[in-house]
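Notes to accompany the following structure.
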Amino acid sequence: MSLISTHTVAEHATASSCWIIVHGKVYDVTDFLPEHPGGSKIILKYAGADATLLRKPPAIAEFSEAYDPIHPPDAITTHLPKEKHLGVVDPNTVVKVVKEVTAEEKIRQELIVTRPPLDEIVNLHDFEAIAKAILSPKAWAYYSSASDDEITIRENRAAIWFRPRILRDVSVVDWSTTILGQRSSLPVYISATALGKLGHPDGELNLTRAAGKHGVIQMIPTLASCAFDEIVDAAVPGQVQFLQLYVNRDREITRKYVQHAEKRGVKGLFITVDAPQLGRREKDMRMKFVDESGVAKVQENQSGIRKDEGVARAISSFIDPSLSWKDIPWFKSITNMPIVLKGVATPEDALMAYDYGLAGIVLSNHGGRQLDTARSGIENLIEVVAALKTRGPWPNPKFEVFVDGGVRRASDVLKAIALGASAVGVGRAFMYSFCAYGQEGVEKAFEIIQDELMMNMRLLGARTIDELSPDMVDANALHSHVGLTPPDNLYNTIYQPLALAQFKTKL
């Protein structure tokens with residue numbers, strides 16, 4: 001490939017001729033601007049410059065956080081035709097500038113150094129509290145945010161009470177299970193969460209490596225920071241992985257992605273169905289109220305520029321809002337993987353999924369990030385199981401029901417299984433564990449869940465997952481949405497209330 005000077009690249013800094021530099025290589029992205037999942041504005045911000053290194057003429061300053069955390073390594077090579085790969089940046093024209101470390105960043109680095117040792121972490125809330133302290137404000141806002149008034153995310157922590165049985169021999173308890181026919185060491189799988197590199201340089205690979213060592217199933221997210229093949233390649237032989245799918249408007253892209261996943265050995269396809277449009281996640285949105293330094297060069301002096309989109313909106317515009325039940329036969333025609341609908345919330349839709357011959361559903365409100373005041377997955381579980389029993393004996397080996405949202409304790413998992421769930425998805429808690437401690441944090445999280453499972457199953461009088469039954473829980477108050485439920489102090493200590501618009505600091 002030919003050498004191209006940074007000065008030549010800088011001459012192509014408009015919507016009509018847009019070149020960018022990614023990891024030392026020059027690409028012509030002019031034709032790609034309308035198709036970029038995050039919209040054209042973010043590309044135009046780096047027009048004629050380096051998306052991984054923000055140019056400050058005549059120098060180039062380190063700014064990898066602008067590109068790497070929200071793009072897999074092969075993102076641009078995959079989506080751009082070869083003729084748009086123009087060449088390599090001439091290193092003799094690049095001047096490196098040392099990035100200034102802000103006072104805020106210095107404090108963050110000091111907090112990382114002074115983190116409690118892992119052996120002092122005793123629950124999953126600890127990981128979240130530490131992640132909150134050491135993550136950048138933008139990363140924390142993206143990870144922790146939920147939609148509108150954030151009522152649903154808090155409702156996900158609603159209490160259900162145990163009814164333990166006594167005088168059972170619980171000297172040996174076994175919490176292993178099968179999920180979609182695949183063995184799992186825990187009745188828990190790692191639910192998909194996006195953009196792992198916002199919180200740790202290794203991103204989702206922390207989850208893959210830890211899951212492989214401990215026999216836990218990982219759900220690979222469509223919007224991972226790491227490339228799909230990079231995640232699969234990091235798995236150990238025989239490791240089970242599922243795929244979470246956001247359906248692209250271009251069905252050919254979706255078909256290729258799904259079939260490639262199946263060829264790589266993925267064992268289940270979880271299609272997200274509760275996100276025809278992403279919810280308004282205001283903590284995330286407020287991170288994008290930027291000054292003029294955050295506006296693309298071609299946008300200078302223009303009016304009507306939206307600066308409140310947030311990370312979530314920037315990565316999700318490709319999602320197809322026309323997805324409907326009529327597409328289900330097409331999905332079944334392109335793959336032999338068991339298909340699960342992720343984001344079901346009513347008995348009516350659960351029965352439709354069953355009647356369409358799907359393998360299961362996930363009762364989920366997207367971690368409170370979509371329709372605010374939607375009910376929790378575990379609340380919906382009671383009605384859904386009752387409806388599915390009208391289709392035949394329950395549990396049904398051909399149709400599984402999963403639950404996610406708000407899980408922070410093994411007791412949460414056991415309650416869901418007792419009420420009829422096959423297994424439970426955990427997303428944020430595992431994500432926070434690697435944000436705080438990397439792969440070792442995830443492994444510690446598994447250990448904590450195992451310890452809690454042993455204790456709770458013994459105290460509950462259940463020796464295996466199969467012995468959990470509805471009579472072991474009291475969920476009578478779950479539907480009330482009112483009452484004197486004792487506050488969840490650990491969660492409330494970490495929870496960051498929504499804020500109103502702020503006055504500017506006086507000059």
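Here the structure is a predicted model, which means the values were calculated and not measured.
- For an aromatic pair to be called close, the ring centres must be under 6.0 Å apart, and F430 with F127 fails this.
- A side-chain donor from one of Q370 and R281 sits under 3.5 Å from a side-chain acceptor of the other.
- S322 is linked by a side chain to side chain contact (heavy atoms under 4.5 Å, CB included) to R251, D320, counting only residues two or more places apart in sequence or in another chain.
- Between Y356 and the choices W325, F331, W330, the ring pair (Phe, Tyr, Trp, His ring centres under 6.0 Å) rule is met once, by W325.
- With ring centers used as reference points, Y27 lies under 6.0 Å from H85.
- Side-chain atoms of E11 and W19 include no donor-acceptor pair closer than 3.5 Å.
- Geometrically, R369 engages Y142 in a cation-pi contact, judged by NZ or CZ lying under 6.0 Å from the ring centre and within 45° of the ring axis.
- The side chain to side chain donor-acceptor pair (under 3.5 Å) search around E150 returns K283, Y495, not counting sequence neighbours.
- Listed by chain and number, the residues in a side chain to side chain contact (heavy atoms under 4.5 Å, CB included) with I253 are N248, D250 (sequence neighbours excluded).
- Counting only N and O atoms by type, the side chains of T335 and E262 include a donor and acceptor under 3.5 Å apart.
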Intermediate values then yes/no, side chain to side chain donor-acceptor pair (under 3.5 Å), S5 and D90:
CA-CA 5 Å; S5 73; D90 184 349; over 6 Å; no
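- Looking only at atom types and distance, the side chain of S136 has no donor-acceptor partner in the side chain of K138 under 3.5 Å away.
- For residues 263-274, the set of pairs meeting the side chain to side chain donor-acceptor pair (under 3.5 Å) definition, not counting sequence neighbours, comprises D229-R264, D233-R264, Q244-T272, D274-H366.
- E128 meets the side chain to side chain donor-acceptor pair (under 3.5 Å) test with R408; sequence neighbours excluded.
- Listed by chain and residue number, nothing satisfies the side chain to side chain donor-acceptor pair (under 3.5 Å) test with T254 (two or more places apart in sequence, or in another chain).
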